[in-house]
Amino acid sequence: MSIHVTLPDGSVRTYDQGASAMDVAKSISEGLARNVLSAKVNGEVRDANRPLPGDCTLQLLTWNDPEGKATLWHSSAHVMAEALEALYPGIKFGIGPPIENGFYYDVDFGERSIGDGDFAAIEAKFKEQVSKKLTFDRKEVSKADAITYFTEKGDEYKLELIEGLLDGQITFYTQGNFTDLCRGPHIPDTSGIKAMKVLSLAGAYWRGDEKRKQLTRLYAITFPKQKELEEYLALLEEAKKRDHRKLGKELDLFTFSERVGAGLPLWLPKGAALRERLINFMKTAQEKAGYVQVATPHIGSKALYETSGHWEKYGKDSFQPISTPQEGEQFMLKPMNCPHHCEIFASRPRSYKDLPLRLAEFGTVYRYEQSGELHGLARVRGFTQDDAHLFCRPDQVKEEFMKVIDLVLLVLRALNFETFEVQVSLRDKEDRSKYIGTEENWEKAEQAIIEAAAASGLKTTVEYGEAAFYGPKLDFMIKDALGRRWQLGTIQVDYNLPERFELEYVGSDNGRHRPVMIHRAPFGSLERFIAVIIEHTAGRFPLWLTPEQAIVLPISDKYIDAARQVAGDLKDSDIRASVDERNEKIGRKIRDAELAKTPFMLVVGEKEAAEGSVSVREQGQGDLGTMSPKAFADLVGDRIAKQLGGL
RNA sequence: GCCUUUGUAGCUCAGGGGUAGAGCACUUCCUUGGUAAGGAAGAGGUCCCGGGUUCAAUUCCCGGCAAAGGCUCCA
């Protein structure tokens, strides 16, 4: 009997019954066989040395395939577990999956406490195990046997996992002295692992549940080459340099104060000015799109949030109400602007002719975040949204939604964000208790979003369970320097708040109708948005946004007056410029301006002072030659116009 | 909130039971220099806060506060 194996290039090869993916690899080349980590057989990732099931399609997986990497890392997790068990007998294991960059294993160390001082020993033991060229042996076991094994071992976590599995589908893998409950697949043997590093350690609740025991999670990563590990560590270092918390300090944009409180950013003059420019940019774009600005207070009566449903949903987990001293009235720091805006809509009768009504406000809101969740500007307790609420007729929803998508794309383009993900966030498929509103309205809202996104030609992914409690969302996500994903802009369709606030307009039929609300914030929060811009640009902001667009550098203090004249001329052309009047050589001034990431340096010496010109140098680019201040101003103006896309 | 780590000059960090250290930044002086660091001198600290141990604590212990990584990746 022989079997036919179809390879990715479409070629078909014939092998004896019982041949493995590894046999196929060997028949192609020894080099390939050495690099095979696992194999995709009929779309399923399996051990490379398992016999093929018969005629099949086969893709050999190596380090160059995401699944290949995952296999190596998963196997590495087993080896790390073995190393840990050898070092710390009696410990218990949770789960140990591969992740985006490496793998982790959750371990119950019992009374023992592990710190990063223990990493070296773990790495050494790991290398010792790996050098034995251990193989991973797969074994199918009955549920009863599996339970017996881990009962004897005393590992209640594995037992709990087994409980959730079906008899007949349980497999163990053994390498060296370590046997683990595992679906697999694994790499042929450990010789492919050449470099390993324990990266960090963290507490992680068993099964992600805060109420259950906290295990110790060890993050680590392995590579088939030592050099790749070094490159990866260098990459992490590089990412640290882009960290917005570090750059924000270096660029004098913002700070935090213990005395003011955690998660409450203080904007320094340069940062505040940058924020202001973002706000003005958005205001201009919104005015063109038919929005009107409103302004509302930072607090609102508790009753307002009882009406909106926020109190019931978030009351316990938000800043608690503040009370008036005499009457004991209760007010909340506002966590959202929408209830206030609903009341503005309700302040007088509305006609269908008034719709859509687009109320915009740069509203500062306050949300309690657990102390451990705070993160620079990206997660804070007080932040400003570029918020707006569009009240429209049901027949206008799709068009309005699409207009908002256009606005978000305009913003992303002006800030050079080329890569972002768009996520359609819908309700949890099973648990609907988290949401308010009728099934019918949710259906309508979800449909509206899906259709509008499709009509705008956006590539989207759908996530269930990510919707807001009052409606589905379209979220724009960006990755930061460390690869963490942040939600920026968001657009949400909401049929519920208009109902809770009993909002109405008079239709052309002279009857009363309920408007639909669209919540939207292209930046999301200004704080988080600025954090992401900082990391995305490594502090080299777009010219229109940057705090200082040009710095004038006199060659010596004989030319300070000429330099001041130039700076004055530039100011008249609305260019932000200052003069470096320090008693330093030109080389030093240039170096400092380069490091400060000032986009343009204008050198003024004897020649320039005499002819009223400037010698222009662009940050990171070098000398652009001599020109008049006017010509330079035009150059800056042109670049900005291009960036802003005509706004 | 919980786990691990950290907190020393404006910044980055070294140190260590008994006068507190470096580099950069800052101030003053010298230098007037043409596209990435000119020279010299000087000033600068509640060693996060509170308690304990000790003859003596910035250092060791306990408790706070703040910051970092994680608690979402499901055999």
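Computed from heavy atoms alone, side chains included, the values below leave out hydrogens, waters and symmetry copies. Protein chains get the first letters and strands the later ones, always in sequence-line order, with residue 1 at the start of each. Here the structure is a predicted model, which means the values were calculated and not measured.
Side-chain contact, A:Ser578 with A:Glu548: a donor N or O sits under 3.5 Å from an acceptor N or O. There is no side-chain donor-acceptor pair under 3.5 Å between A:Tyr157 and A:Asp106. For the residue pair A:Thr490/A:Gln492, the side-chain donor-acceptor check at 3.5 Å is satisfied. A donor and an acceptor atom, one from each side chain of A:Asp475 and A:Ser425, are located under 3.5 Å apart.
Straight-line distance from the CD atom of A:Glu584 to the P atom of B:A36: 15 Å, rounded to whole Å. A:Asp209 has its CG atom 15 Å from the P atom of B:C71, to the nearest Å. Atom pair A:Lys249:NZ and B:C24:P shows a separation of 20 Å (rounding to whole Å applied). With rounding to whole Å, A:Arg46 atom CZ is found 18 Å from B:A75 atom C1'. As rounded to whole Å, 13 Å separates atom C1' of B:U27 from atom CG of A:Asn583. Rounded to a whole Å, the NE2 atom of A:His74 is 11 Å from the C1' atom of B:C74. The interatomic distance linking A:Lys246 (NZ) with B:C11 (C1') rounds to 9 Å, in whole Å. In this structure, the CD1 atom of A:Ile221 is 17 Å from the P atom of B:G69, given to the nearest Å.
When the nucleotides B:A75, B:G34, B:G33 are ranked by their closest atom to the side chain of A:Arg183, B:A75 comes out on top. In the set B:U35, B:A68, B:A75, B:A68 carries the atom at the smallest distance from any side-chain atom of A:Arg245. The side chain of A:Ile170 lies closest to B:A75 when the candidates are B:A75, B:U35, B:U32. Side-chain proximity of A:Tyr219 to the nucleotides B:A36, B:G34, B:C71 is greatest for B:C71. Out of B:G34, B:A75, B:C73, the shortest distance to the side chain of A:Arg217 is found at B:C73. Looking at the side chain of A:Ser615, the nearest of the listed nucleotides B:G38, B:G34, B:A36 is B:G34.
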Practice problem: Decide side-chain contact (heavy atoms from CB on, under 4.5 Å) for A:Tyr88 and A:Val107; before the verdict, give the C-alpha distance in whole Å, the side-chain angles of both, and the deciding distance to 0.1 Å. | Solution: CA-CA 11 Å; A:Tyr88 315 104; A:Val107 185; over 6 Å; no
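In this structure, A:Glu618 reaches neither bases nor backbone, as no heavy-atom distance under 4.0 Å exists between it and the strands shown. Across all strands, A:Lys589 comes closer than 4.0 Å to no nucleic acid atom at all (heavy-atom distances). Heavy atoms of A:Gly376 sit under 4.0 angstrom from primed sugar atoms or phosphate atoms, though from no base atom. Nucleic acid contact class of A:Leu374 (heavy atoms, under 4.0 Å, all strands): sugar-phosphate only. Among the heavy atoms of the strands lying under 4.0 Å from A:Arg617 is at least one base atom, whether or not backbone atoms are also near. Contact annotation for A:Ile586: backbone-only contact, meaning every heavy-atom pair under 4.0 Å involves sugar-phosphate atoms and none involves a base. Within the nucleic acid shown, A:Glu606 comes within 4.0 Å of at least one base atom, counting heavy atoms only.
Across B:U72 and B:A9, the matching P atoms stand 36 Å from one another, rounded to whole Å. For the P atoms, the distance from B:G23 to B:C30 is 24 Å, rounded to whole Å. Comparing B:C2 with B:A36, their C1' atoms are spaced 48 Å from each other, to the whole Å.
Within the shown strands, B:G10 is the pairing partner of B:C24 under the Watson-Crick or G-U definition, both distances less than 3.5 Å. The nucleotide B:G17 finds no pairing partner, because no Watson-Crick or G-U wobble arrangement with both distances shorter than 3.5 Å includes it. B:A56: no Watson-Crick or G-U partner with both key distances under 3.5 Å is found in any strand. Figure legend. B:G33 is base-paired to no nucleotide; pairs are counted as Watson-Crick or G-U wobble with both atom distances under 3.5 Å. Within the shown strands, B:C49 is the pairing partner of B:G63 under the Watson-Crick or G-U definition, both distances less than 3.5 Å. Pairing of B:G69, defined by two Watson-Crick or G-U wobble distances under 3.5 Å, is identified with B:C3.
Exactly one of A:Phe256, A:Phe529, A:Phe383 qualifies for a side-chain contact (heavy atoms from CB on, under 4.5 Å) with A:Leu377. That residue is A:Phe256.
When all heavy atoms of A:Tyr105 and A:Ile95 are compared, the pair lying nearest together is CD2-O, 3.3 Å. Pairing each heavy atom of A:Met627 with each of A:Leu624, the nearest pair is CE-O, 4.4 Å.
Panel note: side chain A:Thr190, backbone A:Val130; a donor-acceptor pair is recorded below 3.5 Å.
The environment of A:Glu369 atom CD is dense: over 12 non-hydrogen atoms of other residues, nucleotides or ligands sit within 6.0 angstrom.
For A:His375, a side-chain nitrogen or oxygen approaches OP1 or OP2 of B:G69 to under 4.0 Å. Within the 4.0 Å cut-off from OP1 or OP2 of B:U32, not a single side-chain nitrogen or oxygen of A:Tyr559 is found. For A:Arg588, a side-chain nitrogen or oxygen approaches OP1 or OP2 of B:G38 to under 4.0 Å.
Each of A:Gly96 and A:Gly587 lies near RNA chain B, and the nucleotide nearest A:Gly587 is the one positioned closer to the 5' end. Each of A:Gly261 and A:Asp623 has a nearest nucleotide on RNA chain B; the 5'-most of these lies closest to A:Asp623.
Classified by its glycosidic torsion, B:U19 falls in the syn category, the angle being within 90° of 0.
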Quiz item: Along nucleotides 1-8 of chain B, 5' to 3', which nucleotides get a B, which get an S, and which get a -, given that the test is a protein heavy-atom distance under 4.0 Å?
Solution: BBBSS---
